[in-house]
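Excluded from the calculations below are hydrogen atoms, water molecules and symmetry mates; all remaining heavy atoms, backbone and side chain alike, are included. Every number for a ligand or one of its atoms is a count from 1 in the order of the listing.
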Amino acid sequence: SQKDRKDLKRSHPKSIGTDSSESSSSSSDSSSEDERSSSKKSANHHHVPLEPEQKRAKNEKSNDFDHNPHLNPFTNRPFSPAYYKILEKRKVLPAWEARQKVVELVKQYQVLVLQGETGSGKTTQVPQFLLLAGIAKGKAIACTQPRRVAAMSVAKRVSEEMDVALGQEVGYTIRFEDRSGPKTVLKYLTDGMLLREAMNDPMLSRYGVIILDEAHERTLSTDILFGLIKEVLPKRKDLKIVVMSATLNAEKFQEYFEGAPMIDVPGRMYPVEIFYTPEPEKDYLIAAIRTVIQIHIVEDEGDILLFLTGEEEIEQACREIRDEVKKLGNEVGDMLVVPLYSSLPPAQQQRIFDQAPPKNKRGVPGRKVVVSTNIAETSLTIDGIVYVIDPGFAKNKIYNPRLRVESLLVSPISKASAKQRAGRAGRTRPGKCFRLYPERAFEKELKENTYAEILRSNLNSVVLTLLKLGIQDIVHFDYMDPPAPETLMRALEELNYLGALTDDGKLTQIGMRMSEFPLDPQMSKVLLSAEKLQCVNEAVSIIATLNVPMIFLRPKDQQSEADAAKSRFAHEDGDHLTYLNAFNAYKLKKESPDWCYDHYLNSRALKQANDVREQLLQIMVKIGMKIQSKPMNDPDYYQNIKKAILSGYFMQVAHLQRAGHYLTFRDDQVVAIHPSSTLDHKPEWCMYNEFVLTSKNYIRTVTEIRPDWLFEIAPEYFDLDEIKNSEAKRKLERVYKRMKESDE
Ligand code: CDP
Ligand code: MG
């Protein structure tokens with residue numbers, strides 16, 4: 001099972017440990033502090049700099065924070081009292097001490113690598129230092145984040161620190177949500193969004209400074225941005241790059257950028273005592289909840305951070321922790337239990353910053369417990385955490401190019417991750433980290449580092465993006481870690497089948513249009529096909545619902561009620577049409593949240609789907625598509641919708657075998673239709689949106705198709721001369737023969 005850690009592989013010998021014992025004194029006079037740090041560590045001048053500039057005159061002010069201390073330079077209004085209050089907190093952050101050094105180095109070099117302990121102020125402070133020092137020369141500063149949640153939350157925080165309205169001078173952009181405008185000079189955005197911006201502006205000319213933050217996460221988009229920016233640098237001598245990372249492997253970035261200097265922001269870490277379990281835990285969730293309760297009963301004041309893998313698990317843990325604490329009565333303090341995961345709405349995400357409850361009637365202090373995904377590992381810092389519980393797992397993307405299956409799997413974390421997690425406990429005072437696995441498992445079974453995402457992903461989207469960016473030779477692109485050639489070839493092949501590439505790998509007209517959508521190429525293809533098939537409104541609704549959190553709710557204690565509610569929207573031909581029915585009903589009911597609640601629909605997700613839909617329609621109009629649909633009573637109405645979906649998903653087709661099970665076409669995987677499906681029968685042929693790898697292989701979001709459509713929609717993929725012999729092939733041969741006969 002997934003929770004079994006016995007079959008762990010040992011690998012990746014190289015690692016730079018995160019030794020976190022240093023705690024420096026509080027800030028004194030800043031200039032002497034800077035001298036101290038520059039003589040001790042900071043810039044590495046041994047390498048050849050990329051872009052040295054003339055050294056500035058010695059007495060020239062490198063950093064002008066103190067122009068008029070009372071007037072906000074961005075609004076020309078006096079600072080609010082809140083500004084000064086936050087300023088005091090900012091001044092004690094380790095990054096604050098390094099501000100002059102950072103500004104000087106960025107002035108001097110084109111690329112700077114900055115590493116620092118999580119919570120030291122990299123993300124919130126460094127962009128502001130550069131902004132106030134005028135480094136961007138009138139252009140904007142971009143700071144990328146791998147995670148949407150981090151982009152939103154940090155932008156909000158920084159807008160408060162700068163005493164400006166969010167969305168004005170400071171904003172954020174994440175997929176399908178843009179809170180920035182013409183005034184925005186500091187923009188936090190997901191790395192994926194910066195990549196999209198580059199597609200229309202390959203020189204990234206809007207920006208004077210680009211900060212690639214959380215670089216250690218090595219997400220797919222950040223890795224592509226590295227390569228892209230490396231190509232842009234010689235063409236844009238005015239562009240400054242700062243690569244920021246937690247204290248992990250930062251030398252790798254230095255090497256990649258040919259000897260860029262590195263500055264190390266020393267963290268203020270208190271010691272963290274690590275505890276292990278004597279034996280592996282059978283069920284880490286139960287063990288984690290038990291540990292929370294034990295800490296609450298026996299340990300001193302201080303908040304808890306528990307790492308789990310995903311929304312469902314986190315919500316379940318939160319419920320159970322609340323129940324357990326209730327049972328203990330007021331012998332123990334009050335407890336505030338808050339979840340944190342990416343699909344949580346922003347207002348609820350903010351609750352992680354709430355204070356722990358006050359002392360109860362008996363004088364026992366309260367405690368906050370944050371139950372979080374990996375987000376809290378390095379992207380977000382929650383002050384006041386003293387206890388960390390680390391079950392040792394995270395959800396990770398895994399890609400199997402042979403099966404063309406990308407899936408999220410709960411898998412063991414790396415040593416580097418475990419160290420980062422432990423570090424979260426020592427931010428404000430000495431802390432404790434409870435690892436729910438034995439020490440020997442940590443030493444022997446955990447790999448040193450997590451592999452870069454580019455090595456674990458389907459690259460269809462990336463290849464399309466690279467080609468759109470004008471990079472023809474995607475194999476020899478300067479990847480920090482080159483992906484497997486097989487994965488790249490797969491991507492080229494699939495894009496070719498989708499009609500996005502010519503046989504010699506050039507972008508076609510369809511490919512150009514596909515790249516306009518911030519979607520998987522398969523989904524973009526569905527939208528493009530929908531125009532010809534006259535089902536644009538329907539296809540865009542379906543695609544929108546597939547890009548938001550699950551629209552159907554199924555609470556653990558009301559599953560049968562929820563299923564009954566869902567069945568009212570069920571379409572017998574399959575789940576895609578069920579989504580469409582639910583979305584249409586939602587629109588008919590004027591987007592009423594109460595109505596959603598009564599029908600076990602996630603009104604937040606549907607609202608989001610509606611937004612996504614509007615934005616996709618805008619893109620479609622922009623690229624000149626006709627937004628047209630057939631009337632519902634047209635005999636081809638449903639058939640055309642299904643054909644449009646198939647035009648993107650013909651590589652995800654399964655065939656019912658005589659033996660009664662499904663086999664995926666070409667890859668020959670035994671699969672079952674997911675129990676959540678609304679299909680009321682077992683169609684001989686079906687297409688699916690998702691391949692779910694669990695103890696059993698499931699296909700999810702499944703819709704019936706007719707086999708003759710396969711020849712109509714994707715004749716090259718279903719070239720019978722190319723397909724190896726199988727039950728499905730023999731079936732297709734008969735279908736093909738019949739088609740030909742009726743043609744004659
Ligand atoms: O990027 P890094 O991990 O180095 O730190 P940061 O995100 O810039 O956060 C610096 C400090 O700002 C944290 O330690 C928190 O004290 C504070 N902060 C906060 O209070 N609320 C936020 N939403 C973000 C940061
Ligand atoms: Mg950060």
Sub-4.0 Å atoms of ligand 1 with respect to non-hydrogen atoms of E117 | 4 (O)
Heavy-atom proximity to atom 5 (O) of ligand 1, best of C143, P127, G121 = G121
Does R456 count as lying over the ring of Y451, i.e. NZ or CZ under 6.0 Å from the six-ring centre, within 45 degrees of the axis?
-> no
Aromatic rings Y84 and H70: how do their planes relate, parallel, tilted or perpendicular, breaks at 30° and 60°?
-> tilted
Flag the pair K252 and D481 as a salt bridge only when some basic side-chain nitrogen lies within less than 4.0 angstrom of an acidic carboxylate oxygen.
-> yes
Between S120 and ligand 1, is there a nitrogen or oxygen pair with a distance under 3.5 Å?
-> yes
Quick check: does T378 put an N/O/S atom under 2.8 Å from the Mg ion (ligand 2)?
-> no
Atoms of ligand 1 close to R427 [distance to a heavy atom under 4.0 angstrom, numbered from 1] = 13 (C), 14 (O), 16 (O)
Among non-hydrogen protein atoms, atom 15 (C) of ligand 1 lies closest to D383 OD2, 3.5 Å
For T123, is at least one N or O under 3.5 Å away from an N or O on ligand 1?
-> yes
Is the charged tip of R435 near the ring of F442: under 6.0 Å from the six-membered ring centre and within 45° of its axis?
-> yes
If you have a sec, work out which protein heavy atom is nearest atom 2 (P) of ligand 1 and how many Å separate them, to one decimal?
-> G119 N, 3.4 Å
May I ask you to say whether E311 pairs ionically with K395, meaning some side-chain N is under 4.0 Å from a carboxylate O?
-> no
Atom 11 (C) of ligand 1: nearest protein contact (heavy atom, Å) | L93 CD2, 3.8 Å
re atom 23 (N) of ligand 1, the protein heavy-atom contact at minimum distance is F353 CZ, 3.2 Å
Go through ligand 1 atom by atom and flag the ones less than 4.0 Å from a non-hydrogen atom of T124.
-> 6 (P), 8 (O), 9 (O), 10 (C)
Taking NZ, NE, NH1 and NH2 as the nitrogens, is one of them in K89 or E161 under 4.0 Å from a carboxylate oxygen of the other?
-> no
May I ask you to check whether Y188 and Y172 place their ring centers less than 6.0 Å from one another?
-> no
Student check: side-chain heavy atoms of Q608 and P549 closer than 4.5 Å = yes
So between Q115, R157, M152, K122, whose heavy atom ends up nearest atom 21 (N) of ligand 1?
-> R157
Quick one: do K122 and E117 make a salt bridge, cutoff under 4.0 Å?
-> no
Heavy atom of T118 under 4.0 Å from ligand 1?
-> yes
